[in-house]
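Just so you know, these numbers use all the heavy atoms, side chains as well, and skip hydrogens, waters and symmetry mates. Every value quoted in this text rests on a predicted model; they were computed, and no experiment measured them.
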Amino acid sequence: MFVIPSRLWPGGRLVVSDINIGPKVGRCCGRFWSRDGEFRTEHPRCHPEGGLRRGRRFTTPQRPDFHHLIATVSGTLKQEVDFTMYEATPGSWLWVRPGQVHRWGDLSEVEGHLVLFESDFLDPTTMVAARLETLGGPVQYDAVDDHAVDLAIEHLCHEFGAVGASPLDVHIAILRHLLSVLVLRLADRPGGLPSTTEDSETFRRFREAVERDFTKTHQVADYARALGYSPRTLRRATASAVGTNAKEFIDERVMLEAKRRLAHSDETAVRIAVHLGFSSATNFSKYFQSRTGQSPIQFRNAARHPRGGA
């Protein structure tokens with residue numbers, strides 16, 4: 001049985017495991033590091049979230065607050081991330097970031113590696129260099145024939161399983177450095193996150209302001225006023241950076257959060273409307289339906305019970 005938790009075990013910082021439940025039953029390391037540095041082991045069957053047995057699917061949308069790095073070694077992994085379906089073949093990596101909603105596909109014929117980690121397990125310098133906090137990072141990375149990435153995950157898996165070979169503090173430090181190598185290698189792959197110099201300063205500030213305040217205002221003029229720009233400047237910077245206008249950029253962020261909450265939480269449409277800054281559930285429903293062709297409840301039902309499974 002291979003365990004895929006919807007959250008890390010209490011105090012967990014890092015989990016490295018194998019996805020290996022095709023012709024033979026898979027295995028899960030079941031080990032993690034707590035914030036106080038204590039090393040603990042938990043058998044997968046004891047995990048409160050249960051696990052995936054061969055042929056079973058994880059049909060419930062998950063929204064963890066930690067990173068997933070998923071590498072496919074054999075087979076094809078289908079994974080839905082923020083309502084887009086991805087297919088990861090050997091050499092492909094999927095990076096699911098905290099706060100994203102994702103759903104596992106059928107793992108019965110898939111083998112690979114799974115790394116779960118909290119952002120602050122890495123040192124601040126690595127977080128900046130790998131742009132872990134940068135918004136809008138890509139989900140899929142092509143690392144076919146990338147020997148450096150292959151070595152990084154191989155070394156990380158080896159060290160994670162080598163508990164007792166080194167003093168505890170040394171072992172944790174090695175794990176932190178090896179994970180740093182892996183995330184830096186992936187972030188540096190073609191098609192990875194843009195460097196901070198590729199986005200204009202205007203758009204960067206606008207994007208950060210939207211992420212901070214999209215639940216308070218949906219109007220371009222409000223962001224322009226707060227940032228000291230004209231609405232026209234924000235529209236031009238956004239169109240240049242992402243190919244859409246500023247109002248659409250705001251609406252896309254509002255809609256993404258609405259979809260995430262509808263799919264993952266049990267909040268009512270009224271509570272979601274209030275959280276997202278709408279004056280009423282009716283206005284929220286009209287806004288949502290005009291952009292999706294579905295009412296919020298219809299979307300929730302479809303997201304939780306997709307036809308044909310994940």
S.K.: Check whether E87 reaches the backbone of M85 with its side chain - one donor and one acceptor, N or O, closer than 3.5 Å.
M.R.: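 Not at all, since once roles are kept as given, no pair shorter than 3.5 Å links the two residues.
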
S.K.: Out of curiosity, does L77 fall in the hydrophobic cluster containing V73 (side-chain heavy atoms, cut-off under 4.5 Å, transitive links)?
M.R.: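 V73 and L77: separate clusters.
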
S.K.: Please report the shortest heavy-atom distance between R176 and D123, naming the atom on each side.
M.R.: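 Here R176 and D123 meet closest at CD-N, 4.2 Å.
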
S.K.: V254 and L256: same hydrophobic cluster, using ILVMFWY side-chain contacts below 4.5 Å?
M.R.: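 Yes, it is one cluster - the side chains of V254 and L256 are joined through contacts under 4.5 Å.
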
S.K.: Charged N to carboxylate O under 4.0 angstrom, D106 versus K78?
M.R.: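 Salt bridge absent between D106 and K78.
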
S.K.: Could you check if a side-chain atom of L178 sits within less than 4.5 angstrom of a side-chain atom of F160, using non-hydrogen atoms only?
M.R.: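 The answer is no; the side chains never approach within 4.5 Å.
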
S.K.: Cluster question for you: counting only ILVMFWY and a side-chain heavy-atom cut-off of under 4.5 Å, with indirect links fine, are M255 and V270 together?
M.R.: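 No, because M255 and V270 fall into different hydrophobic clusters, even though each may have its own neighbours under 4.5 Å.
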
S.K.: Can you check whether T217's main-chain N or O pairs, donor with acceptor, with Y223's side chain at less than 3.5 Å?
M.R.: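 Side chain of Y223 to backbone of T217, a donor-acceptor pair under 3.5 Å: yes, one is there.
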
S.K.: Can you list the residues that meet the side chain to side chain contact (heavy atoms under 4.5 Å, CB included) rule with V181, with sequence neighbours excluded?
M.R.: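 If we apply the side chain to side chain contact (heavy atoms under 4.5 Å, CB included) test to V181, skipping adjacent residues, the hits are A152, R185.
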
S.K.: If only side-chain N and O atoms count, and only distance matters, is there a donor-acceptor pair under 3.5 Å linking H171 with E159?
M.R.: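 E159 vs H171: donor-acceptor pair found between side chains.
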
S.K.: Roughly how far, to the nearest 0.5 Å, is the CZ atom of R300 from the NZ atom of K259?
M.R.: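 Atom-to-atom, K259:NZ and R300:CZ are 14.5 Å apart.
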
S.K.: Apply side chain to side chain contact (heavy atoms under 4.5 Å, CB included) to T84 and V139, showing your working.
M.R.: CA-CA 10 Å; T84 297; V139 172; over 6 Å; no

S.K.: Could you go step by step and tell me if L94 and V81 meet the side chain to side chain contact (heavy atoms under 4.5 Å, CB included) rule?
M.R.: CA-CA 9 Å; L94 299 179; V81 182; 5.6 Å; no

S.K.: Just by distance, do the side chain of R304 and the backbone of P61 share a donor-acceptor pair under 3.5 Å?
M.R.: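 Between the backbone of P61 and the side chain of R304 there is no qualifying donor-acceptor contact (under 3.5 Å).
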
S.K.: Distance-only, no hydrogens or angles: does the S290 side chain make a donor-acceptor pair with backbone N or O of Y287 under 3.5 Å?
M.R.: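 Yes, S290 side chain to Y287 backbone: donor-acceptor pair under 3.5 Å.
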
S.K.: Let's go through E257 and R63 carefully: what are the C-alpha distance in whole Å and the side-chain angles of both, what is the deciding distance for salt bridge (Lys or Arg N to Asp or Glu O under 4.0 Å) to 0.1 Å, and is it a yes or a no?
M.R.: CA-CA 12 Å; E257 188 64 22; R63 194 180 186 184; 3.1 Å; yes

S.K.: About how many Å separate CG of D213 and CD of Q219, when rounded to the nearest 0.5 Å?
M.R.: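 With rounding to 0.5 Å, CD (Q219) is 13.0 Å from CG (D213).
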
S.K.: Do any N or O atoms from the side chain of T233 and from the backbone of Y229 form a donor-acceptor pair under 3.5 angstrom?
M.R.: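 It does not hold such a pair.
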
S.K.: Mind checking side chain to side chain contact (heavy atoms under 4.5 Å, CB included) for A143 and listing every partner two or more places apart, or none if nothing turns up?
M.R.: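 Side chain to side chain contact (heavy atoms under 4.5 Å, CB included) check on A143 returns W93, D146, V149, R189.
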
S.K.: Got H275 and R261 here, is their nearest side-chain heavy-atom distance under 4.5 Å?
M.R.: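 H275 reaches R261 side chain to side chain.
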
S.K.: Working to the nearest 0.5 angstrom, can you tell me the gap between I174 CD1 and L156 CG?
M.R.: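 One gets 11.5 Å once the value is rounded to the nearest 0.5 Å.
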
S.K.: Can you list the steps and then say if R291 with D251 is a salt bridge (Lys or Arg N to Asp or Glu O under 4.0 Å)?
M.R.: CA-CA 9 Å; R291 288 161 177 80; D251 287 342; 3.3 Å; yes

S.K.: Rounded at 0.5 Å granularity, tell me how far OG1 in T215 sits from CZ in R253.
M.R.: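 One gets 9.5 Å once the value is rounded to the nearest 0.5 Å.
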
S.K.: Do the side chains of V115 and I153 get nearer than 4.5 Å, heavy atoms only?
M.R.: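 In short, these two side chains touch, coming nearer than 4.5 Å.
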
S.K.: Does the D142 side chain pair with the main chain of V144, one donor and one acceptor, at a distance under 3.5 Å?
M.R.: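 Judged by distance alone, yes, a pair lies under 3.5 Å.
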
S.K.: Taking side chain to side chain contact (heavy atoms under 4.5 Å, CB included) as the test, write out the residues that go with S92, two or more places apart.
M.R.: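 Side chain to side chain contact (heavy atoms under 4.5 Å, CB included) check on S92 returns A88, T89, Q140.
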
S.K.: Looking at side-chain heavy atoms only, is the closest gap between F288 and F299 below 4.5 Å?
M.R.: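 Of all side-chain heavy-atom pairs linking F299 with F288, at least one is under 4.5 Å.
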
S.K.: Going by heavy atoms in the side chains, are N283 and S280 under 4.5 Å from each other?
M.R.: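 With C-beta onward as the side chain, the pair touches.
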
S.K.: How close do V220 and K247 get, counting heavy atoms only, and between which atoms?
M.R.: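 Here V220 and K247 meet closest at CG2-N, 3.6 Å.
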
S.K.: Taking atom types as modelled and ignoring hydrogens, do the side chains of H67 and E118 form a donor-acceptor contact shorter than 3.5 angstrom?
M.R.: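 The criterion, which ignores hydrogens and geometry beyond distance, is not satisfied for E118 and H67.
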
S.K.: Would a distance-only check, ignoring hydrogens and angles, find a side-chain to backbone donor-acceptor pair under 3.5 Å from T126 to L122?
M.R.: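 Looks like no, no N/O pair under 3.5 Å.
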
S.K.: Please determine whether the number of non-hydrogen atoms from other residues, nucleotides or ligands lying under 6.0 Å from atom CG of D169 exceeds 12.
M.R.: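 Check passes, neighbour count above 12.
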
S.K.: Run the salt-bridge test on R205 and E208 with the 4.0 Å N-O cut-off and return the result as yes or no.
M.R.: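 No salt bridge links R205 with E208.
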
S.K.: Under the 3.5 angstrom rule, does the side chain of T238 hit a backbone N or O of L234 as a donor-acceptor pair?
M.R.: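 Side chain of T238 to backbone of L234, a donor-acceptor pair under 3.5 Å: yes, one is there.
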
S.K.: Counting distance only, does the side-chain N/O of T72 pair as donor-acceptor with the main-chain N or O of S74 below 3.5 Å?
M.R.: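 No; zero donor-acceptor contacts below 3.5 Å.
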
S.K.: Should the pair R207 and F249 be classed as cation-pi, given the thresholds of under 6.0 Å to the six-membered ring centre and 45° from the axis?
M.R.: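 No - R207 does not lie over the ring of F249 by the 6.0 Å and 45° rule.
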
S.K.: Does S295 reach the side chain of S285, with side-chain heavy atoms less than 4.5 Å apart?
M.R.: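 They are not in contact (no side-chain heavy atoms under 4.5 Å apart), so the answer is no.
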
S.K.: Minimum heavy-atom separation for S230 to A224, with atom names?
M.R.: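 Nearest heavy atoms, S230 then A224: C-CB, 3.8 Å.
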
S.K.: So, taking the atom named NE2 in H155 and the one named CG in L151, what distance separates them when rounded to the nearest 0.5 Å?
M.R.: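 Reported value, rounded in 0.5 Å steps: 5.0 Å.
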
S.K.: How far does OH of Y141 sit from CH2 of W95, to the nearest 0.5 angstrom?
M.R.: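 Between atom OH of Y141 and atom CH2 of W95 there are 5.5 Å.
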
S.K.: Could you tell me whether the side chain of S119 reaches within less than 4.5 Å of the side chain of L132, counting heavy atoms only?
M.R.: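 When only atoms from C-beta onward are counted, S119 and L132 do touch, with a gap below 4.5 Å.
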
S.K.: For the hydrophobic clusters of this structure (ILVMFWY residues joined by side-chain heavy atoms under 4.5 Å, transitively), does one cluster hold both I172 and L182?
M.R.: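 Same cluster: I172 reaches L182 through Ile, Leu, Val, Met, Phe, Trp or Tyr contacts under 4.5 Å.
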
S.K.: Would you check, one step at a time, whether the test ring-ring contact (aromatic ring centres under 6.0 Å, His included) holds for H218 with F278?
M.R.: CA-CA 9 Å; H218 309 156; F278 289 90; 4.9 Å; yes

S.K.: Write down the atom of A258, the atom of L276, and the distance for their closest heavy-atom approach.
M.R.: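 So the minimum-distance heavy-atom pair works out to CB-CD1, 3.6 Å.
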
S.K.: In terms of ring plane angle, is the pair W104 and H68 parallel, tilted or perpendicular, where the classes change at 30° and 60°?
M.R.: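 Tilted.
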
S.K.: If you define the side chain from C-beta out and look only at heavy atoms, does anything of T76 sit under 4.5 Å from V110?
M.R.: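 Counting from C-beta outward, T76 and V110 never come under 4.5 Å.
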
S.K.: Kindly indicate, with the supporting measurements, whether the criterion side chain to side chain contact (heavy atoms under 4.5 Å, CB included) is fulfilled by V183 and L179.
M.R.: CA-CA 6 Å; V183 299; L179 179 61; 4.1 Å; yes

S.K.: Using every non-hydrogen atom in the two residues, find where C157 and H113 come nearest and quote the distance to one decimal.
M.R.: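 Shortest heavy-atom contact: SG-ND1, 3.8 Å.
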
S.K.: Where do F284 and A269 come nearest, in terms of heavy atoms and distance?
M.R.: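 Closest heavy-atom pair between F284 and A269: CD2-O, 3.9 Å.
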
S.K.: Evaluate R103 against Q79 for side chain to side chain contact (heavy atoms under 4.5 Å, CB included), listing each step before the verdict.
M.R.: CA-CA 6 Å; R103 187 203 313 272; Q79 180 92 342; over 6 Å; no

